[in-house]
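Numbered from 1 within each chain, the chains take letters A, B, ... in sequence-line order. Remember, it's a predicted structure, so these values are computed and weren't measured experimentally.
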Protein chains: 2
Amino acid sequence: MRIATWNVNSVRARQQRLVNWLKSAQPDVLCLQELKCTDADFPFDVVKEAGYFAAVHGQKTYNGVAILAKTEPTDVIRGLSDGVDDTHARFISATVNGIRVVSAYAPNGQQVDSPAYVYKLEWYRRLRNYLDTRHKPDDLVVMGGDWNIAPDPIDVYDVAQWEGQTLFTLRERDALQQVCAFGLTDAFRKLYPDVQKFSWWDYRMLMFPKNKGVRIDHLFLTAPLVPRLTACDVDREERKGQQPSDHAPVWLELKD
Amino acid sequence: MRIATWNVNSVRARQQRLVNWLKSAQPDVLCLQELKCTDADFPFDVVKEAGYFAAVHGQKTYNGVAILAKTEPTDVIRGLSDGVDDTHARFISATVNGIRVVSAYAPNGQQVDSPAYVYKLEWYRRLRNYLDTRHKPDDLVVMGGDWNIAPDPIDVYDVAQWEGQTLFTLRERDALQQVCAFGLTDAFRKLYPDVQKFSWWDYRMLMFPKNKGVRIDHLFLTAPLVPRLTACDVDREERKGQQPSDHAPVWLELKD
DNA sequence: GTCTTCAAAG
DNA sequence: CTTTGAAGAC
């Protein structure tokens with residue numbers, strides 16, 4: 001079973017690339033982030049045409065997440081559903097083939113100590129609470145998303161430059177660790193403890209050609225799924241060519 | 001020798017369609033209108049890559065005309081060059097294979113009797129003056145362009161609806177006739193006196209699917225070229241599909 | 001750089 | 001419907 005995550009940076013602007021990628025990569029499940037459109041504007045028709053069901057939590061202009069799957073996702077939950085008044089469409093979960101799948105778009109955080117940064121740390125605290133409330137560590141859970149946090153020094157192209165910058169501050173990395181401490185494993189890092197691969201490159205300053213990126217898109221697995229993990233990679237090719245998303249898809253393979 | 005005219009409605013937005021059309025239609029000369037970009041922003045590289053030289057008279061946002069040709073255009077003149085202070089980039093002429101080629105984007109005219117309408121009639125008067133000053137009726141001249149005038153009742157989809165509307169008022173049609181009276185022949189109408197074909201359809205109101213258009217893009221020939229005219233047509237296919245221009249290309253064939 | 005929104009123009 | 005430009009986000 002192949003599960004992928006991709007921040008498409010506008011599902012409408014990326015419609016053709018999305019369809020092409022689905023056809024070539026053939027994931028069983030794809031977690032999408034930054035749809036940047038409402039449910040009404042989501043291209044359900046072309047996704048269906050490509051052979052996928054879609055559970056969507058859209059929002060105008062910003063955010064928006066979805067779970068695409070070859071079999072119909074069930075028990076769809078939109079948002080963290082913790083009673084907090086939060087208008088951002090950043091979280092959706094659904095069950096696909098007996099696995100609970102999450103598609104998450106973590107807040108970016110803007111500047112350190114800005115309101116957005118505070119919201120980001122709080123959002124991570126709420127996410128840990130979501131896991132504690134809804135799941136046991138031995139549930140079958142895969143969480144894919146744009147987490148807007150590089151977990152370790154190896155995950156940024158230049159530690160000196162990233163030191164203290166949003167996406168790489170100690171407080172953010174700690175917040176992510178607190179979530180993982182529930183019992184989640186970073187699929188890519190599990191398979192490749194020492195490999196440096198990035199999933200996001202700024203559109204500006206030729207960051208992609210220079211390969212100056214960061215790894216902020218992750219797939220997390222609960223413990224019972226870790227022994228089934230056989231492959232995980234970043235599809236760097238998808239970042240190339242005309243009008244790419246600034247993020248590349250990340251995918252993993254689970255054996256039966 | 002194949003000569004074509006096409007209002008591309010932004011040469012940058014239509015870059016890929018332009019290249020595809022050049023490759024399939026293989027005109028020796030293409031007159032372009034509504035480039036909507038400056039000379040600095042004109043995609044010289046992709047045009048060259050497609051096998052064409054380009055003489056360009058660009059303008060930011062509005063207007064902009066060019067002559068593309070498989071052999072290098074010489075003696076390029078930008079504008080009507082009649083001493084009138086006119087900032088609109090609506091006219092360019094150049095010599096290609098011994099033929100003087102004009103690419104013209106006539107003013108639209110907005111509402112009847114508006115300043116734009118007065119400017120349009122005056123522009124046509126200046127154009128006739130340009131011909132009188134620079135040419136003899138037996139020169140080899142081809143003028144392609146978006147003339148924003150439907151010459152005859154057959155050239156609009158509904159005469160009753162178009163009666164008195166800009167593009168079809170008697171004063172505009174007379175202004176165009178005054179230009180043609182210099183000694184120019186409408187290539188399409190010469191070959192097909194009774195055929196109704198359109199070259200422009202409004203983007204709105206499903207005008208193209210309903211084929212409610214007008215013929216305002218024309219190729220005019222001086223007398224010595226008329227006996228050499230073997231074919232002329234509108235490429236209606238180019239108006240179809242995703243992100244078309246609102247105009248279709250018009251082309252003609254001259255035998256040697 | 002590339003996306004969104006909006007207004008103005010055709 | 002499709003383009004342009006501007007502003008704001010990342």
Side-chain angles (χ1 to χ4, degrees), chain A residues 7-15 17-18 33-38 41 58-64 88-90 105-111 114-117 119-120 146 148-149 165-167 199-210 212-214 216-217 239-247, chain B residues 7-15 17 33-38 41 58-64 88 105-111 114 116-117 120 146 148 165-167 199-210 212-214 216-217 239-247:
Chain A
N7 178 321
V8 282
N9 187 16
S10 173
V11 73
R12 284 181 298 174
R14 218 74 59 210
Q15 210 168 109
R17 286 189 87 119
L18 172 61
Q33 300 87 39
E34 284 212 80
L35 305 179
K36 291 186 173 179
C37 70
T38 59
D41 289 332
Q59 182 183 334
K60 187 180 160 123
T61 313
Y62 302 105
N63 313 314
H88 296 12
R90 298 186 172 276
Y105 175 48
N108 172 284
Q110 298 182 153
Q111 300 307 307
S114 67
Y117 184 85
Y119 170 68
K120 180 178 190 169
D146 171 1
N148 269 318
I149 295 175
Q165 301 298 309
T166 318
L167 309 191
S199 66
W200 175 80
W201 300 259
D202 198 303
Y203 281 127
R204 296 162 290 190
M205 309 285 287
L206 300 171
M207 293 304 231
F208 181 69
K210 294 177 188 163
K212 293 190 170 185
V214 296
I216 58 179
D217 299 272
R239 179 57 238 250
K240 298 179 181 173
Q242 299 244 307
Q243 318 281 79
S245 168
D246 44 354
H247 295 253
Chain B
N7 178 323
V8 282
N9 187 16
S10 172
V11 72
R12 284 180 297 175
R14 220 73 59 211
Q15 209 169 108
R17 286 188 88 118
Q33 300 87 39
E34 284 213 80
L35 305 179
K36 290 188 174 178
C37 71
T38 59
D41 289 332
Q59 181 182 335
K60 187 180 158 122
T61 313
Y62 301 106
N63 312 314
H88 297 13
Y105 175 49
N108 173 283
Q110 298 182 154
Q111 300 308 308
S114 67
Y117 185 84
K120 180 177 191 172
D146 171 1
N148 270 317
Q165 300 298 308
T166 318
L167 308 191
S199 67
W200 176 79
W201 300 259
D202 198 303
Y203 281 127
R204 295 161 290 189
M205 310 284 287
L206 300 170
M207 293 303 231
F208 182 69
K210 294 177 189 162
K212 295 191 169 185
V214 295
I216 57 179
D217 300 272
R239 178 61 238 251
K240 299 179 181 173
Q242 299 243 308
Q243 317 282 78
S245 168
D246 42 355
H247 296 255

D:dT4 OP1/OP2 closer than 4.0 Å to side-chain N/O of B:S10: yes
Check the angle between the aromatic planes of B:W201 and B:F208 and answer parallel, tilted or perpendicular using the 30° and 60° thresholds. perpendicular
Do any side-chain nitrogens or oxygens of A:Q243 fall under 4.0 Å of OP1 or OP2 in C:dG1? no
Using only side-chain N and O atoms of B:Q110, determine if any of them is under 4.0 Å from OP1 or OP2 of C:dA9. no
Has the side chain of A:N148 got a donor or acceptor atom that lies under 3.5 Å from a matching backbone atom of A:A106? yes
Can you tell me how far C1' of C:dC3 sits from CZ of A:R17, to the nearest Å? 14 Å
Atom CG of A:D202 and atom C1' of D:dA9: how far apart are they, to the nearest Å? 12 Å
Smallest heavy-atom separation, A:R17 atom then A:Q243 atom, equals CD-O, 3.4 Å
If you round to the nearest 0.5 Å, how far is CD1 of A:I216 from CG of A:N7? 7.5 Å
For A:P107, enumerate each residue passing the side chain to side chain contact (heavy atoms under 4.5 Å, CB included) test, keeping only those at least two apart in sequence or located in another chain. A:R90, A:Y119, A:K120, A:W123
May I have the distance from A:L206 (atom CG) to C:dG1 (atom C1'), rounded to whole angstrom? 10 Å
Among D:dT3, C:dT4, D:dC10, which nucleotide has an atom closest to any side-chain atom of B:A13? D:dT3
How close or far is atom P of C:dT4 from atom CG of A:N9, stated in whole angstroms? 8 Å
Expressed as a whole number of angstroms, how long is the span from B:N7:CG to D:dT3:P? 12 Å
Take atom CD of A:E34 and atom C1' of D:dG8, then tell me their distance rounded to the nearest Å. 14 Å
What's the closest nucleotide to the A:P244 side chain, out of D:dC10, C:dT4, C:dT2? C:dT2
From C-beta outward on B:Y203, which listed nucleotide comes closest to its side chain: D:dT2, D:dG5, C:dT2? D:dT2
What is the distance from CZ of A:R12 to C1' of C:dT5, rounded to the nearest Å? 11 Å
Rounded distance (Å) that lies between atom P of C:dT2 and atom CZ of A:R204: 11 Å
